[in-house]
Each structure stands twice: as structure tokens, then as C-alpha cells.
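Worksheet: one structure, shown below.
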Amino acid sequence: LVEMCCCGERGGGRKRSPGILGMNHGGGNGKDCSWIEIRLRFPGKDNHAFQDYEGMLVGTMCHELSHIVHGNHSADFYRLMDEIREEFDATRGSAGADGQGLFAGAGNKVDG
């Protein structure tokens, strides 16, 4: 998993169009996925503020994970994407470091 950034200054250092939210490299038709890029921050807006987790990041990740199995945007692709999102929503309460959906510690910003 690599952070995608429009200016190429963060994450994987790859410059992508601001309209692209994620990209699966490889995958499709059951092939192995080399890596997935996700746009974690708004491109150039508000000094690269983070995207909304619920509204943007989770959906984009489910979308890109679906591309591992289905390369194109078929009905099967969208069905799998919905299944992944439903599984995420159903299990997220037990995720986290404490098993209650919470993570220990205050966290640290990785880029300074």
C-alpha cells in the first residue's frame, strides 16, 4: 500500500492526476496485485490535509481491493466491492489494538 500524491512529494513519490483516488497495480482476474496506491490527502488543498476516512478512504480501498479479483468495473466487480465494504462495516468494531475498535496511544504523524 502506497500513498498517492498529486505533487509526487509524499508517499511513493508518484505524481498522479488530482481526480484519481486510487490505483491497483496488477491484479484483475485473480492475478497477484503488486501494490495499491490510495490518495490519503487532498491534492494541494489545505497543505495536503487528510481526506475523510469514512466518506472517501474506506470506499476507495474497497474499490481497489476489488480490482485484485476483477480488472474491469463489471457487475461482479461492484458486487464484490459491496461485500468487502459490508464485511469491513461488520467487523470494524472488533478492530484496533484493544479489540474494541480503538487504537492505543495518541499516534504520530509520520512525515513530521
Is there a path of hydrophobic side-chain contacts, each under 4.5 Å between heavy atoms of I, L, V, M, F, W or Y residues, that connects F88 with I38?
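Yes; I38 is reachable from F88 via cluster members.
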Under 4.5 Å between side-chain heavy atoms, counting indirect links through other Ile/Leu/Val/Met/Phe/Trp/Tyr residues: same cluster for L80 and V58 or not?
yes
Over all heavy atoms of both residues, which pair between F77 and N72 is shortest? Give the atoms and the distance, please.
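Looking at all heavy atoms of both residues, the closest pair is CB-O, 3.2 Å.
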Where is the tightest heavy-atom contact between F50 and F42, given as atom of each residue plus distance?
O-CE1, 3.5 Å
Given 3.5 Å as the limit, does a donor-acceptor pair link the side chain of E64 with the main chain of N24, or not?
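Looks like yes, one N/O pair under 3.5 Å.
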Between CD1 on residue I84 and CE on residue M81, distance to nearest 0.5 Å
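Reported to 0.5 Å precision, the distance equals 9.0 Å.
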With rounding to the nearest 0.5 Å, note down the distance linking CG in L57 to CZ in R39.
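Nearest 0.5 Å value for the CG-CZ distance: 11.0 Å.
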Any salt bridge between D76 and R79, counting N to O under 4.0 Å?
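Looking at D76 and R79, the cut-off is met.
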Could you check if a side-chain atom of R41 sits within less than 4.5 angstrom of a side-chain atom of E3, using non-hydrogen atoms only?
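In short, these two side chains touch, coming nearer than 4.5 Å.
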Side chains of M61 and L1: does their closest heavy-atom pair fall under 4.5 Å?
yes
Parallel under 30°, tilted from 30 to 60°, perpendicular over 60°: which one fits the rings of H73 and H63?
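Tilted, since the angle between the ring planes falls between 30° and 60°.
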Candidates L21, L40, L65, I36 - the one meeting side chain to side chain contact (heavy atoms under 4.5 Å, CB included) with T60
L21
